[in-house]
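First up is the structure itself, then whatever we jot down about it.
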Amino acid sequence: DFGLVSYPESSKTILVTEWREETMVLAAVRGHALQSKAELLPEDLATETLVAFAPNLRIRHEIDRYLRHLGITMQVAAEFDNIDSVKHAMEVNSAVSFLPRPTVQAELTDRTMIELRCPWLNLKRPLGLIQRRNDTLGRTARGVADFILKGAWNQAPTTASSPKAN
């Protein structure tokens with residue numbers, strides 16, 4: 001068996017296969033007060049409310065460290081251990097949150113959320129597959145892992161009726 005985790009770390013018993021890095025964005029619900037700003041400065045966040053990840057998660061430590069580096073302290077409205085709850089709390093609290101872009105892409109596309117323009121924001125979330133170091137993946141698990149690592153799950157399916165690219 002294997003797991004897909006953020007911020008994977010190898011150990012004596014765990015083997016990591018790096019998968020990808022996801023760009024983090026500062027997201028807000030449509031109509032948020034900062035939406036009218038063409039570009040945010042770090043100090044613009046000093047009075048904003050943040051929906052954050054739970055304090056025990058590595059992603060939270062990385063975000064907090066980055067904000068400290070920029071000299072920013074934000075008021076935390078709520079803390080959650082999963083992205084769906086963070087997104088829901090953003091709506092309820094009219095707050096912002098630092099989230100991996102792929103996790104909010106659907107909301108950005110349907111315009112229920114916006115990405116606030118922060119050219120200074122340089123946060124990534126690494127993802128990787130973990131497995132026991134001395135175990136061999138079974139055929140099915142290996143197939144699924146290969147499918148994920150090759151990015152096939154993220155590509156549009158091809159059918160016989162699909163037009164061919166020139």
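None of these values were measured; they are calculated from a predicted model.
Counting non-hydrogen atoms of neighbouring residues, nucleotides and ligands closer than 6.0 angstrom, the CZ atom of Arg30 reaches no more than 12 such neighbours. For CZ of Arg142, the number of neighbouring non-hydrogen atoms (other residues, nucleotides, ligands) closer than 6.0 Å is greater than 12. The environment of His61 atom NE2 is dense: over 12 non-hydrogen atoms of other residues, nucleotides or ligands sit within 6.0 angstrom.
Nearest heavy-atom pair across Glu62 and Tyr7 is CG-CE2, 3.6 Å. Trp19 and Ile148 get closest at one heavy-atom pair: NE1-O, 3.0 Å. Summarising the geometry of Leu149 relative to Thr17, their closest heavy-atom pair is CD1-CG2, 3.8 Å, with the distance given to 0.1 Å. The two atoms that bring Leu99 and Met90 nearest to each other are CD1-SD, 3.8 Å, heavy atoms only. Heavy-atom minimum distance, Phe2 versus Gln131: CB-CB, 4.3 Å. For Ile63 against Met24, the heavy-atom pair with the smallest separation is CD1-CE, 3.8 Å.
Expressed to the nearest 0.5 Å, how far CG of Leu26 lies from CG of Leu34 amounts to 7.5 Å.
The cluster map of Ile, Leu, Val, Met, Phe, Trp and Tyr, joined by side-chain heavy atoms under 4.5 Å apart, puts Leu129 and Leu15 in different clusters.
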Sequence neighbours excluded and cut-off under 3.5 Å, please list the side-chain donor-acceptor pairs for residues 74-86, or say none.
from	atom 1	to	atom 2	distance (Å)
Glu79	OE2	Arg60	NH1	3.0
Glu79	OE2	Arg60	NH2	3.2
Asn82	OD1	Asp84	N	3.3
Asn82	OD1	Ser85	N	2.8
Asn82	OD1	Ser85	OG	3.0
Asn82	ND2	Ser85	OG	3.2

Please list, one pair per line, the donor and acceptor atoms closer than 3.5 Å that link side chains of residues 45-56 to other protein atoms, with sequence neighbours excluded.
from	atom 1	to	atom 2	distance (Å)
Glu48	OE1	His32	NE2	3.2

For residues 104-115, please give each side-chain donor-acceptor pair under 3.5 Å, one per line with the distance, not counting sequence neighbours.
from	atom 1	to	atom 2	distance (Å)
Gln105	NE2	Thr109	OG1	3.4
Glu107	OE2	Lys87	NZ	2.8
Thr109	OG1	Gln105	O	2.9
Asp110	OD1	Thr112	N	3.1
Asp110	OD1	Thr112	OG1	2.9
Glu115	OE1	Arg101	NE	3.2
Glu115	OE1	Arg101	NH2	3.2
Glu115	OE2	Arg101	NH2	2.7

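Applying the side-chain contact (heavy atoms from CB on, under 4.5 Å) criterion to Glu22, with sequence neighbours excluded, gives Arg20, Pro100, Pro102, Arg125, Leu127. Considering only residues two or more places apart in sequence or on other chains, Asp44 meets the side-chain contact (heavy atoms from CB on, under 4.5 Å) condition with Lys37, Leu40, Leu41.
The other residues sharing a hydrophobic cluster with Val16 are Val5, Ile14, Ile130, where clustering joins ILVMFWY side chains under 4.5 Å apart.
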task = Output, in order, the C-alpha distance, side-chain angles, deciding distance and verdict of side-chain contact (heavy atoms from CB on, under 4.5 Å) for Lys124 and Thr23.
result = CA-CA 5 Å; Lys124 307 275 187 200; Thr23 299; 3.1 Å; yes
key: Residues Leu121, Tyr66; criterion side-chain contact (heavy atoms from CB on, under 4.5 Å); working and verdict   = CA-CA 9 Å; Leu121 183 58; Tyr66 190 73; 3.8 Å; yes
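Proximity of Glu39 to Cys118: side-chain heavy atoms (C-beta onward) are nowhere separated by under 4.5 Å.
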